[in-house]
**Q** 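Before I ask anything, let me first share the structure, which is written out below as structure tokens.
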Amino acid sequence: MSVTRSVCLGCGSYLPDRVLTNLELSSMVETSDEWIVERTGIRERRIAAEGETTSDLATRAAERALAHAGVGAEEVDLIILATATPDYTFPASATKVQANLGAHQAVAFDQHAVCAGFVFALATADTFLRGGNARTALVIGAETFSRILDWEDRGTCVLFGDGAGAVVLRAEQGEGTAQDRGILATDLNTDGRLIDLLYVDGGPSSTQTTGYLRMRGQEVFKKAVTSLAETARTSMKKAGVSSDDIAWIVPHQANIRIIEGTARKLGVAPERVVTTVARHGNTSAASVPLALSEAVAAGSIKRGDLLLMEAIGGGMSWGSALLRW
Ligand code: ACO
């Protein structure tokens, strides 16, 4: 049976130039390279330059994704930017990206599910494409978390970094089997009772300030491993595949122990997991498309490979997507 699939035509990413190492951080707060590496796997992260905004990062990643896909900006009719760190309270940063790219015919909006944002945006774009409401979509994850960190809180400021990643999706016809290229299944979840585990203590409607990120790390950790394995299993069931079919897990890059713990629960060998957390830290909504782009550029991910993307973040919100490259 012929069905519409959202096929990924290309991807791209962008990282700011400035590298912030663990050693440098240890001169800012009471921490050490050893502690950060042992607990998180992070060695360094990138920090956006003064005046460099989320939409700037997103635009660079989107331009690279379009070039990789061989698609012109004028062909794009949908832009979804997943971010929790927009340039302004309004309008959506996606509108700036649209203007920067010259994709004037595209509808453009932001989607906010924090670290799970890219997976949520991917699922949203898939719904647009399969429903015939768009043909070519740019899905971007971009963040400048350095701007919402309390640089005196060693429990959080060592974890995050800035960056952007993007993919180009196009509606194409598939056979309706698990062998089709494109998005085979998605699964999204939210539990708003867990807001206190991870949130920003400011906003336009509450404090009229931007606020800083606050987190109960151990509780987030436990919730993450269980929920990520669950959502992955749900997506696999929907698509009719098993963990043996997965060529690569492309996970949210929060912490190497969460990444490895989830893969272990799913019975996927560590060699089949894309990990960039050591060099990027946690870039929130940007982490999955950043990791994807690096693995594609390195030649690790090949056409026909089945990819499992999974992510969790504030809300708490979490989800997964199965995509055949
Ligand atoms: N350097 C040195 N010591 C530190 C640091 C630091 N940067 N941060 C905390 N500590 C101390 C604590 O103060 C505590 O000291 P105490 O025992 O004297 O009180 C000790 O280290 C242990 O603290 P814990 O919070 O118990 O450390 P834990 O092993 O849980 O590691 C961490 C903390 C890394 C935050 C971990 O809980 C974690 O990774 N959680 C997941 C959070 C996450 O990934 N969030 C990202 C957003 S959500 C997402 O993307 C999934």
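Just so you know, these numbers come straight off a predicted model, no measurement behind them. One-based numbering, in listed order, for ligands and for the atoms of each. The first residue of the sequence shown is numbered 1, and numbering continues consecutively from there.
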**Q** For Gly202 and Thr207, work out which heavy atoms get closest and say how close.
**A**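 That closest heavy-atom pairing would be CA-OG1, 3.1 Å.
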
**Q** Determine whether more than 12 heavy atoms belonging to other residues, nucleotides or ligands lie under 6.0 Å from atom OH of Tyr212.
**A**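 No - once you tally the heavy atoms of other residues, nucleotides and ligands closer than 6.0 Å, there are 12 at most.
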
**Q** Could you tell me whether the side chain of Asp180 reaches within less than 4.5 Å of the side chain of Arg324, counting heavy atoms only?
**A**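 Arg324 does not reach Asp180 side chain to side chain.
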
**Q** For residues 302-315, dump all side-chain donor-acceptor pairs below 3.5 Å to protein atoms at least two apart in sequence or in another chain.
**A**
{"from": "Lys302", "atom 1": "NZ", "to": "Gly299", "atom 2": "O", "distance (Å)": "2.9"}
{"from": "Asp305", "atom 1": "OD2", "to": "Lys302", "atom 2": "N", "distance (Å)": "2.8"}

**Q** Could you walk me through whether Glu24 and Arg18 satisfy the salt bridge (charged side-chain N to carboxylate O under 4.0 Å, His left out) test, starting with their C-alpha distance in whole Å, then the side-chain angles of each, then the deciding distance to 0.1 Å, before giving a yes or no?
**A** CA-CA 12 Å; Glu24 246 185 298; Arg18 162 100 166 92; 3.0 Å; yes

**Q** Name the residues in contact with ligand 1, where contact means a heavy atom under 4.0 Å away: which are they?
**A**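 Residues within 4.0 Å of ligand 1: Glu30, Thr31, Trp35, Arg39, Thr40, Cys115, Arg154, Gly155, Val158, Phe160, Leu198, Met215, Gly217, Gln218, Val220, Phe221, His252, Ala254, Asn255, Arg257, Ile258, Asn282, Ile312.
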
**Q** Is any side-chain heavy atom of Leu20 closer than 4.5 Å to a side-chain heavy atom of Met28?
**A**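 In short, these two side chains touch, coming nearer than 4.5 Å.
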
